[in-house]
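Step one of this worksheet: look at the structure below.
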Amino acid sequence: MSIVDLRSDTLTQPTPAMRQAMAEADVGDDVYGEDPTVNRLQEISAAKMGKEAGLFVASGTMGNLVAILAHCDRGDEVILGNLAHSFLHEAGGISAMGSVHSCQIPNRPDGTLKLDDIQAAIRPDDAHFPITRLIVLENTHNRCGGVPLSVEYTHAVAKIAQEQNIRLHLDGARIFNAAAALGVDAKDLVDRADSVTFCLSKGLCAPVGSVICGSRPFITRAHRIRKQLGGGMRQAGILAAAGIVALESMVDRLTEDHARASRLARSLEKIPGITLDPGTPYTNMLYLSLDEDFVSLTGTQVAELLDEMDIKVGVVSERRFRLVTHYWIDDADVERTVDAFSKAFLM
Ligand SMILES: *Cc1c(COP(=O)(O)O)cnc(C)c1O
């Protein structure tokens with residue numbers, strides 16, 4: 001039987017349609033700006049985000065790095081959440097590559113930063129202080145359980161940014177999941193932001209790549225920084241072709257992943273010994289813990305037992321799991337997962 005891999009939506013393999021589009025893609029040298037498929041992906045992306053221009057990059061990490069470096073000079077300060085992917089999981093790239101200073105504000109459980117905290121973190125104009133240049137929000141918020149940030153909240157942060165002449169970048173790795181969950185157009189979630197990065201290679205199933213979108217002058221700056229980081233990719237249309245299929249055919253189906261995550265949650269919570277995080281799942285990821293009174297096994301031991309039954313889950317801490325639904329998880333896989341958990345607890 002096939003393996004049910006719920007560790008992440010990054011594990012998604014490209015679809016047959018993507019493989020075919022990749023094989024047939026028209027390509028050129030993208031460093032010369034001559035790859036028609038990359039150009040098309042960038043145009044489609046910009047249109048979807050309601051921005052002037054887009055830039056194809058190798059990963060979400062590179063997208064955030066390039067965007068933050070395009071907004072900030074050396075020594076400038078970026079305000080971000082203490083649980084932000086760009087703070088926790090991007091190897092400190094903004095400091096290492098850009099000498100950008102970070103100010104971390106506590107993320108609340110719903111993924112937001114308190115507006116008062118943002119206000120308080122903005123530095124007065126004084127030679128003692130770094131210059132506050134940028135605020136970064138993450139939508140959906142990965143470490144906060146895949147929770148979407150609302151249009152209203154994003155607008156409220158953008159208002160603060162505008163009033164203080166600070167820019168706003170959205171780490172929208174899963175912005176289409178946020179839009180699907182909130183029932184809004186992705187454009188409305190990013191309209192007041194100066195830039196956004198989204199991933200093609202997560203729930204949208206493309207093998208590689210992310211896109212940064214913003215104004216044309218911003219993307220011109222970002223393009224040079226991408227080059228500095230070694231991110232000019234020549235006949236990258238081979239990759240961009242899968243990204244186009246992702247945007248054209250994989251966005252509208254994300255609600256299916258969310259529905260399966262909900263179904264999985266409702267079944268798992270009936271198993272004695274499993275406690276779901278309150279509110280989970282918001283989108284395509286669910287977080288659950290093992291109740292010590294019922295389950296003496298550690299998370300790693302349970303994960304090993306599940307693995308023997310061909311079910312892979314993410315162990316995020318001693319007794320906590322993350323399960324992420326995606327294109328390659330169907331209804332039968334959801335049932336197999338629930339059965340496997342029940343069996344693992346009896347062992
Ligand atoms: C995955 C992710 C990224 C980085 O994307 P990579 O392609 O893995 O580098 C950035 N931000 C968030 C919120 C993510 O979940």
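Atoms within a ligand are numbered from 1 in the order they appear, just like the ligands themselves.
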Any donor-acceptor pair under 3.5 Å from Asn139 side chain to Leu149 backbone: yes
Under 3.5 Å: donor-acceptor pair, side chain of Arg226, backbone of Phe56: yes
Under 4.0 Å from ligand 1 - residues by heavy atom, chain and number: Ser59, Gly60, Thr61, Asn64, His85, Glu90, Glu138, Asn142, Asp171, Ala173, Arg174, Cys199, Lys202
Within the 6.0 Å centroid threshold, strictly below: Tyr287 and Phe321: no
Pair His141 and Tyr282, ring centroids less than 6.0 Å apart: no
Main-chain N/O of Gly28 paired to Asp35 side chain as donor or acceptor, under 3.5 Å: yes
Cluster overlap Val302 with Val324, hydrophobic side-chain contacts below 4.5 Å: no
